[in-house]
Amino acid sequence: MKRIYKISGMHCASCGVIIEKTFKKEPAVKMAEASFGAESVKLDFDESKITAEALSKKIEPLGYSLILPKQHDHDEHGGHGTAMADPHHDHTRMLKEEELGAMKLQVSVLMPLAGVTAISMVLDALRSTGTVSELPEGLMLFFKFALPLMAAYALFIPGKMFLKGVWTFIRHRVANMDTLIGIGTGAAFVYSLVVVLFAEQLKNYINVENIYFDVTIVVIAFIILGKYLEARSKLKTGDAIRQLLQLQAKTAILLVDGKEKEVPIEEVKHGDLIVVKPGGKIPVDGVITDGHSNVDESMISGEPMPVAKKEEDGVISGTLNKQGSFVFKATKVGSETMLAQIVKMVEEAQGSRAPIQNLADKISGVFVPIVMIIAAVSLALWLVVGYQTMPFSQAISFGLMSFVGVLVIACPCALGLATPTAIIVAVGKGAKTGILIKDAATLEKLYKVDTVVVDKTGTITRGKPELVNFINVSRRSDAEVLSIIGSLEKKSEHPIAGAIIESVREKGIELKEAQSFKAIEGQGVSGELDGQKYFVGSPALMKKLGLSPEESKVAEFVEGGATPIFLATEKELLAYAVVADELKDGAVEAVANLHKMGIKVVMLTGDDKRTASFIAKKVGIDDVIAEVLPDQKLEKIKALQDTGKIVAMAGDGVNDAPALAKADVGIAMATGTDVAIESAGITLLHGDIGKLAKAVSLSRVTMRTIKQNLFWAFIYNIVGIPLAAGAFYPILGILLNPIFAGLAMAFSSVSVVSNSLRLKLRKL
Ligand code: ADP
Ligand code: MG
């Protein structure tokens, strides 16, 4: 069973690699995918062979642990180990906030220490350049004792985690960035201590004036500052989940024997009747049984306008009732609700890995050992080659600077953060707009899409057609004919069906129970009433029956973009009906936007050619493929792909499922309360082409952000490592002081996370 576990103790991308490696060694683990960005791991393991607790134990010696959901959550909802197991209390976040508080405290101690150290460094520099000749005795003495003490504090208290990294490396042979920093700052400290303690014995060999306690203090201060800022921003990248969790109501008002009774949300069961007061939150998913109101669903679907709801309409948990009040029957509770599904989906997507990350991950996997080698080699080169051109005391000083500098600057942190932070922000931003993204790979693929294929009904048009004309050509009464049509449509899920039923009901006509109902995909429906078989459907369906409707009766409507449907028995045509759907608001603009992005828009529909062409022209779509059956839609997608196009297909996810699966990116237009449509990589809640355009633009800005992040992270290491190693010294005479390496490394991670956070503000 696949589960996502949050992890504590992750500090960098190489931690992810270490965790994965450790889990993959376990025979019972089928899959392990760690995400540094989401600080989680996706595990697929045989629960009969090993428990999550036992797995956690495996990584604990390395300094990590799985954050396991509390036991009772498991039992109640068959929880999936995510935050939704306990909607009111985001445990992981609380831990993070605690950690952040502790870091803040460290920063507020370390920064003044770094300040004092900086003063000593400035004085030192002034003295060595001869600007000031003598410093007061007292000050000298102060620094002499304060620096080692402050360095010891920095290294052993806030820097404990770095030393732990060194310890794990010695014991378990696994190294992460903490190891690098630990070795670097530790080496500076130990060297300085040895020089101070044995100054007498050493002074003939090396310059005992050169001690590096300041490096230890300032580097640790900067890195911890960087980590603090990074952690603070990273907490913000995950805001979307928290905001979604906050939508969940804590209690529900049940209607029991006509009396209202407030109960905790966990106690709501299927079939319970729930009262929603004006201004109240809807606690679970369900169907209205009594009353009507307007409901603000913007938090879920991103649609700003409140939606009118009446009896038999569905309501979604987490949405907000406006003025009216109503009673509804709970149909989905606990982890089945749409909100819970969304949270789960967002969590999974945020922890998933984008293919573009692979290179960076591979690099950070081998990075740490390579950096250790580079650091050692540059120390050796300074001692061997440098010694030829300079006194030994200077060579050893440069060598040590390089050694520490390389270890400190080379942290692959920024590289590891580049992709996941952007993905987390993007997925969260999408969810807020009603764009649910299955995984990072989908987002990456969507970015490459150059052709968007759209369904007509519900995507371009409102999907709420109206009956605009009705011609009865049989000898029966209008009421009887309409009743037959309505009774058949009652069992259909097609949007056309809804339109017809509405009109029939308005006329006060009774509907009957049709027998042996069948949906004829992409053509219509059939069913029996009083032993007689009837068909309702498209011109194609009539043709199949061998009936030929009179062109003239529908021509006028069809050319105006309406859809003709017919009622017939196997032998005889009984009635003509015309339904018309309006364009969605913003459809024209959305198509124009897609065109502006260089994307070709193709309309693929089962509807009449003329109807389709009319609508297409109206919204500015240049390519129409009409009168195709659902299974042919797949062929059409394939044909487009064969011409080298990268195709996204947007459809209703029900009868378009095969086509959605075939497309490079399947985009489902969700109408019900089901968000996890298997064949779709992206689900648009209250979907329309406007949201589709937004999804494409989200993928583009996200990929742009990722590329920027990766570029800067790479450049930083490519330039930083040789600079710190002293490769530029022979030519330019510059050698990076490890203190700047510390500053640069802190800055690089913070800038990558901030760049990802900028995505939040982007208008789509
Ligand atoms: P689209 O591609 O626009 O979603 P569909 O493939 O779902 O269209 O349906 C194609 C055509 O089949 C419709 O335009 C309509 O003529 C007919 N049809 C499908 N379902 C029904 C139904 N329940 N009642 C009447 N006609 C239907
Ligand atoms: Mg359809």
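Counting starts at 1 for both ligands and their atoms, following the listed order. Below, each value reflects all heavy atoms present in this structure, side chains not excepted, and no hydrogens, waters or symmetry copies.
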Ligand-residue contact atoms, ligand 1 with [X], heavy atoms, under 4.0 Å:
X	result
V525	23 (N)
S492	23 (N)
G537	26 (N)
T563	14 (O), 16 (O)
D607	10 (C), 14 (O)
D455	1 (P), 2 (O), 3 (O), 4 (O)
G606	1 (P), 2 (O), 6 (O), 8 (O), 10 (C), 11 (C)

Pick, from [options], the option with the minimum heavy-atom distance to [atom].
atom	options	answer
atom 24 (N) of ligand 1	H494, E489, K456	E489
atom 10 (C) of ligand 1	A519, P465, G522, A499	G522
atom 15 (C) of ligand 1	I496, I520, V454, I615	I496
atom 27 (C) of ligand 1	G524, P539, A497, A659	G524

Give a yes or no on whether K617 atom NZ has more than 12 heavy-atom contacts from other residues, nucleotides or ligands under 6.0 Å away.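 Check fails, neighbour count at 12 or below.
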Considering residues, nucleotides and ligands other than H270, do more than 12 of their heavy atoms fall under 6.0 Å from its NE2?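 More than 12 heavy atoms, drawn from other residues, nucleotides or ligands, come within 6.0 Å of this atom.
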Between K344 and E347, does the salt bridge (Lys or Arg N to Asp or Glu O under 4.0 Å) criterion hold? Intermediate values first, please. CA-CA 5 Å; K344 188 170 169 227; E347 265 186 334; over 6 Å; no
Does either side chain, that of [X] or that of [Y], offer a donor lying less than 3.5 Å from an acceptor on the other one?
X	Y	answer
N294	Q323	no
S352	D439	no
D285	T337	no

Does any N/O atom on D608 come nearer than 3.5 Å to any N/O atom on ligand 1?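 No, there is no polar N/O contact under 3.5 Å.
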Under a 4.0 Å heavy-atom limit, does T457 contact ligand 1 with its side chain, its backbone, both, or neither?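 Both the backbone and the side chain of T457 come within reach of ligand 1.
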Heavy-atom pair of closest approach, residues L629 and G522: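 That closest heavy-atom pairing would be CD2-O, 4.1 Å.
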Check whether any side-chain heavy atom of I520 sits under 4.5 Å from a side-chain heavy atom of V525, and report yes or no.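 No; the side chains remain at least 4.5 Å from each other.
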Taking the side chain as everything from C-beta on, heavy atoms only, tell me whether S483 gets closer than 4.5 Å to K512.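 Side chain of S483 against side chain of K512, heavy atoms only: contact under 4.5 Å found.
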K633 touching ligand 1 at heavy-atom level, < 4.0 angstrom: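 The answer is yes, since K633 has a heavy atom less than 4.0 Å from ligand 1.
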